[in-house]
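Reading through the structure tokens given below for one structure.
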Amino acid sequence: IGTDPYSSLRSPFYTYLEKGNELFTEGMYGQAKDQYHMAQRCPEYSEFDNTISQYLALCDSMISWTEIVDEAEKDGDYYRARDYLAMMTNNNAKCVALRDRYNNVMREYAIRCNADMVNGEQYMLDGYYEKAKAVYQNAVAMRNPRIAEAELKLHEIEKLTYKKTHKTRTFFYQSMNNCPIGFM
């Protein structure tokens, strides 16, 4: 059946601790906490120097970070999701589901970054500077790997829109000055 023949010789403390560690590695932090709490109730808990309280704190952190990642993904903030998943992976490197999620977020982040730059360039070519500005601002906020290019494009948009506004004011001023007196 695959059961451990020595399980009857082990104390419940080690059984709970082992099961908690197994659940933690699988990314099941709530269930791991339950096992750690059960281990705390065993007499061996007070007899040995153990790190169950650290495991419990780490489970709480992982649960909190998972919620942050969920929210960030929902908002399309893949950079933030990536940062938290990196922290989580550092604390639970054996979790396959966590590594898969990190890889998926990295893929989405790369797609989003590339799309921002392509869309920004198209908006620039079409003369939609305000739309391009919004896309490039998002690229900067998302810390796009091409952030320097996005910042240059934002500067270019600023110059173009300033010139356009300044040219309009100059034209209006010149028209008013060249206007015959009777028409003003």
Side-chain angles (χ1 to χ4, degrees), residues 1-120 133-151 154:
I1 298 176
T3 60
D4 184 0
Y6 300 106
S7 63
S8 62
L9 301 176
R10 273 194 219 142
S11 73
F13 173 78
Y14 292 108
T15 304
Y16 291 132
L17 187 59
E18 187 177 275
K19 184 65 176 172
N21 291 341
E22 182 182 307
L23 289 166
F24 182 88
T25 301
E26 293 172 8
M28 302 171 77
Y29 308 114
Q31 294 90 332
K33 276 179 63 173
D34 293 341
Q35 294 297 311
Y36 294 141
H37 282 300
M38 295 297 288
Q40 282 182 318
R41 294 182 187 146
C42 295
E44 293 93 345
Y45 174 73
S46 58
E47 294 175 15
F48 297 103
D49 181 28
N50 58 62
T51 56
I52 290 179
S53 59
Q54 292 172 347
Y55 291 145
L56 286 167
L58 185 56
C59 283
D60 287 337
S61 294
M62 297 296 270
I63 290 168
S64 175
W65 293 340
T66 300
E67 291 170 2
I68 292 170
V69 169
D70 291 343
E71 189 67 30
E73 280 185 299
K74 188 174 87 176
D75 293 342
D77 188 352
Y78 298 111
Y79 188 82
R80 185 171 181 220
R82 180 190 81 163
D83 282 354
Y84 279 92
L85 282 168
M87 285 190 305
M88 293 173 73
T89 303
N90 286 338
N91 286 292
N92 191 4
K94 294 180 182 178
C95 183
V96 174
L98 194 55
R99 283 194 312 246
D100 288 346
R101 188 169 185 189
Y102 178 80
N103 290 334
N104 289 338
V105 164
M106 288 303 295
R107 185 173 32 261
E108 290 299 321
Y109 176 68
I111 290 168
R112 176 75 179 270
C113 288
N114 287 333
D116 280 350
M117 298 308 288
V118 167
N119 290 337
K133 182 178 179 180
V135 169
Y136 288 128
Q137 285 172 334
N138 185 61
V140 170
M142 293 277 294
R143 295 170 198 87
N144 190 309
R146 294 168 55 188
I147 194 169
E149 183 181 342
E151 288 173 337
L154 284 169

Check against side-chain contact (heavy atoms from CB on, under 4.5 Å), R41 and F13: CA-CA 8 Å; R41 294 182 187 146; F13 173 78; over 6 Å; no

Nearest heavy atoms of [X] and [Y], plus distance in Å:
X	Y	value
N92	T25	OD1-CA, 3.6 Å
R82	V105	N-CG1, 3.8 Å
M142	G76	CE-O, 3.7 Å
R99	A93	NH1-O, 2.8 Å
Q40	Y45	NE2-OH, 3.3 Å
E73	Y78	O-OH, 4.2 Å

To the nearest 0.5 Å, what is the distance between [atom1] on [X] and [atom2] on [Y]?
X	Y	atom1	atom2	result
M88	W65	CE	CH2	8.0 Å
I63	L58	CD1	CG	10.0 Å
D100	L85	CG	CG	11.0 Å
Q31	Q35	CD	CD	9.0 Å
M62	M28	CE	CE	14.0 Å
N21	Y55	CG	OH	5.0 Å

Under the side-chain contact (heavy atoms from CB on, under 4.5 Å) test, which residues partner A32, sequence neighbours left out? L23, F24, Y36, C59

Can you sort out the partners of V140 under side-chain contact (heavy atoms from CB on, under 4.5 Å), two or more places apart, ordered by chain and number? I147, A150, E151, L154

So R107 and I111, side-chain contact (heavy atoms from CB on, under 4.5 Å) or not? Walk me through it. CA-CA 6 Å; R107 185 173 32 261; I111 290 168; 4.2 Å; yes

Does the side chain of R101 reach to within under 4.5 Å of the side chain of T66, using non-hydrogen atoms? yes

Contact check, side chains of Y29 and S64, non-hydrogen atoms, under 4.5 Å: no

Does D77 pair with R112 as a salt bridge, N-O distance under 4.0 Å? no

